[in-house]
Amino acid sequence: MAMVFRSSPLLWTRVVALIFSCVAFSVALYGAQLTHGTGDWCIFCWSFSFVGTLLVVLVELCGLQARIPVSWKNFPITFACYASLLCLSASIIFPLYFLKGYSGRDEIMNCRIVSCVFSCLATVAYLSEVSLSKARPGEVSGYMATAPGLLKVCETFVACIIFVFISEPISYNQNAATKWCLAVYCICFILSAGIIVLCVAEWTGCLPFPFARFLSTYALLAVALYLSATIIWPLYKFDDKHGGTSHRQSSCGSMAGLCPWDKLLAIAVLTALNFILYLADLIYSARLVFVSA
């Protein structure tokens, strides 16, 4: 099995992302002394991105694309988009929990700063890879390389963040309205994730109905569902008349990371963000013509 080295901007972008993510988690493990689950999440983001990118680079150098049981038009850009979002989340979370208010040893602080900087650089590198890999107008490509495909990745990632915030502490069991919001998040996440799996595994042709029509119908349904959640969640969490709390507690300022009220606000913002993403998805899906691999 001979390795074929074909230099291209996309290859070098992947190599750069590989190096940056490797440095981020290596330095963090070496001397950052991360003490709780948030640090484990950041390490996972960087190491998962590194391993996945290494796999993509090796497959392409060895010319094994045809032997991999996934659509190579869809998998690399899907992974790059997830990696960029993972590194972005680590770049935001890491300074909140490990740089803000830290007054310990300089060596530990330096390692944490280096990890944070290289996490930001890895984010930029993965975003550059997505930009280089995405479909151009008139180009025949996989669905995940199109705007609706990339939006699906963002939608599922935002939903995962919502799940983290809504479950720690549990904030969805206040009444039937907030439970409905949780149902919206779960339904849309499952369907969007299912679409991604169908595209990456090249199973779209197995559906008993046209895939393009299903995408447009689902996007319309998701917009309606998220519109209801965008209205209901703030109403029942921040309106005193509906059992909510309109003012941020004074204790939030002294807590590391996000306090419970901050998480409720983050859920409201992320819900509105996902509504916008699904609305853009609907607009693109209504006019997009793509060719399945």
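For the numbers below, each heavy atom of this structure counts, side chains included, while hydrogens, waters and symmetry mates do not. Every value quoted in this text rests on a predicted model; they were computed, and no experiment measured them.
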Can you check whether [Y]'s main-chain N or O pairs, donor with acceptor, with [X]'s side chain at less than 3.5 Å?
X    : Y    : value
D281 : Y284 : no
S119 : C87  : yes
K263 : I166 : no
S89  : L86  : yes
S216 : R213 : no
S171 : S167 : no
R112 : F98  : yes
N74  : C199 : yes

Contact between [X] and [Y] at the side-chain level, heavy atoms closer than 4.5 Å - yes or no?
X    : Y    : result
L151 : Y278 : no
L34  : Y97  : no
M144 : L150 : no
L99  : M109 : yes
L10  : E129 : yes
F238 : W261 : yes
W12  : S8   : no
T204 : Y143 : no

Run the side-chain donor-acceptor check on residues 179-190: report pairs under 3.5 Å with partners two or more places apart or on a different chain.
residue : atom : partner : partner atom : Å
W180    : NE1  : S228    : OG           : 3.1
Y185    : OH   : T271    : OG1          : 2.7

Test salt bridge (charged side-chain N to carboxylate O under 4.0 Å, His left out) applied to E107 - qualifying residues, sequence neighbours left out: R105
Would [X] and [Y] show up in the same hydrophobic cluster when neighbours are defined by side-chain heavy atoms closer than 4.5 Å?
X    : Y    : answer
F118 : Y126 : no
L132 : L85  : no
L270 : L235 : yes
V223 : I195 : yes
I113 : V124 : no

Show every donor-acceptor pair shorter than 3.5 Å between a side-chain atom in residues 15-31 and any protein atom, with sequence neighbours excluded, or say none if there are none.
residue : atom : partner : partner atom : Å
S21     : OG   : A17     : O            : 2.9
S21     : OG   : L18     : O            : 3.1
S26     : OG   : C22     : O            : 2.7

[X] versus [Y], closest heavy-atom pair with distance:
X    : Y    : answer
K152 : S192 : CD-OG, 4.1 Å
C45  : S49  : O-OG, 2.7 Å
P95  : S91  : CD-O, 3.0 Å
C42  : I93  : SG-CG2, 4.3 Å
T245 : D240 : CA-OD1, 3.9 Å
S128 : T13  : CB-CG2, 3.9 Å

Between [atom1] on residue [X] and [atom2] on residue [Y], distance to nearest 0.5 Å:
X    : Y    : atom1 : atom2 : answer
L277 : L282 : CG    : CG    : 12.5 Å
F163 : C160 : CZ    : SG    : 6.5 Å
L273 : E155 : CG    : CD    : 9.5 Å
I77  : T146 : CD1   : OG1   : 8.5 Å
N274 : I162 : CG    : CD1   : 5.5 Å
L221 : L191 : CG    : CG    : 7.5 Å

Could you go through W203 and F211, starting from their C-alpha distance and side-chain angles, then the distance that decides it, and tell me whether this counts as ring pair (Phe, Tyr, Trp, His ring centres under 6.0 Å)? CA-CA 10 Å; W203 292 340; F211 186 55; over 10 Å; no
Walk me through it: do Y172 and F165 pass the test ring pair (Phe, Tyr, Trp, His ring centres under 6.0 Å)? CA-CA 10 Å; Y172 57 81; F165 287 155; over 10 Å; no
Can you check side-chain contact (heavy atoms from CB on, under 4.5 Å) on T178 and I232, steps first, answer last? CA-CA 7 Å; T178 52; I232 290 173; 5.6 Å; no
Stepwise side-chain contact (heavy atoms from CB on, under 4.5 Å) test for W72 and V59: CA-CA 10 Å; W72 206 251; V59 168; 3.6 Å; yes
Testing F79, Y82, W41 one by one against F48 for a ring-ring contact (aromatic ring centres under 6.0 Å, His included), which residue passes? F79
Steps toward side-chain contact (heavy atoms from CB on, under 4.5 Å) verdict (L11, E60): CA-CA 9 Å; L11 173 62; E60 296 210 338; 5.7 Å; no
Audit row: L121, V117, side-chain contact (heavy atoms from CB on, under 4.5 Å) steps and yes/no: CA-CA 6 Å; L121 293 174; V117 169; 4.2 Å; yes
Less than 6.0 angstrom separating the ring centers of Y226 and W233, yes or no? no
